[in-house]
Amino acid sequence: MTNDYRFEFRPYQRRFLRSLTTNHGNWNIREGIILRLTDESGKLGWGEIAPISWFGSETLEQALDFCRQLPDKITDEIIFSIPDKLPACQFGFESAWESEFFSMPYDASSLKSAKPPTRLAPPCPMPHAQFYSGLLPAGEAALNQWETLWQQGYRTFKWKIGVYTIADELKIFESLIHTLPAFTKLRLDANGGLSYEEANLWLWTCDNLKANGELPLEIEFIEQPLPVEQFQQMLELSTSYKTAIALDESVATLGQLAACHQQGWRGIFVIKPGIVGSPSRLRKFCHQHKIDTVFSSVFETAIARQAALKLAAELYQNNRAIGFGIDHFFEQEETWFQSLWNDL
Ligand code: MG
């Protein structure tokens, strides 16, 4: 590749088929930016900026402002000096820079032929649902929806907690563990929505069921039980119970991830490549510290997913399922994606 790229970008919106409910509230529309780099020989690189500001990344508006102030031609220097306060932009630009689509033919006389790939096959290392964690809806709806995912091959599920009262959720949990087939793995994701007492109760419940031989499946971990500010309490909980804890919101960006590691976190780290920041620096960190990771989606399109899965395949150290089992939250990508770039 040469050192100079033509830069273009398109904002996009995708509506969730069903509203995504977490402790942070309801999420109905995924908004992001698709970007395209063209080198001097006409080869293309695709990237995607998919921020989640309530999770710790920049806002969509900040990402758009950054794209708008860039010149039409950009260089390696620009791509590799995006500030840390724009982690989703760092990911989008760097992954476009290293994307594998540069070999696509480019016909300058017909820009319509230069469409992004709409059906990207998952990369070879993890092609099947059994390697993915399927996302269940919060509350009782999980009891009806696991089966479809099971039939698609999912064997690890994530269920959102901290959405309804703990009394209700513990009741549903009791049904869920007896409804899901044996040998399933279940992750409980609180999105920072529990109180200290509630987190203790969840961890105690899981430990206790296991100790009494009453757990027909494996509780793989409880994810982000407490808010980001309560790191010390989560550190303490992680040594007080056998049930594992994973940090997610606490380690949204590379800076936060390094800080938690430096402060002694040796539990699980959920990495969302789409918002964590620079892929090259993430690689460096993971190679240096052999951390226990779960790679996870930010409800991105196929463009960012391809780059994120590539990173996951490269960096994961264990047999944990990756959190990309979210296709059932969107319609097929083909139609909207082509319309996005047709007007170019
Ligand atoms: Mg989470």
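Predicted, not measured: the structure shown is a model, and the values here were computed from it. One-based numbering, in listed order, for ligands and for the atoms of each.
The side-chain hydrogen bond (donor to acceptor under 3.5 Å, both in side chains) check on Glu77 picks up Thr75, with sequence neighbours excluded. With sequence neighbours excluded, the residues forming a ring pair (Phe, Tyr, Trp, His ring centres under 6.0 Å) with Phe173 are Trp202, listed by chain and number. Remark: Thr148 pairs with no residue by the side-chain hydrogen bond (donor to acceptor under 3.5 Å, both in side chains) rule, at least two apart or across chains.
Cation-pi contact between Arg187 and Trp159: absent, since separation from the ring centre below 6.0 Å together with deviation from the ring axis within 45° is not met. A cation-pi arrangement is present between Arg14 and Phe330 under the rule of less than 6.0 angstrom and at most 45 degrees off the ring axis.
Side chains of Glu249 and His24: a donor on one and an acceptor on the other come within 3.5 Å.
Here the protein contributes Asp189 OD2, Glu223 OE2, Asp248 OD2 as N, O or S atoms under 2.8 Å from the Mg ion (ligand 1).
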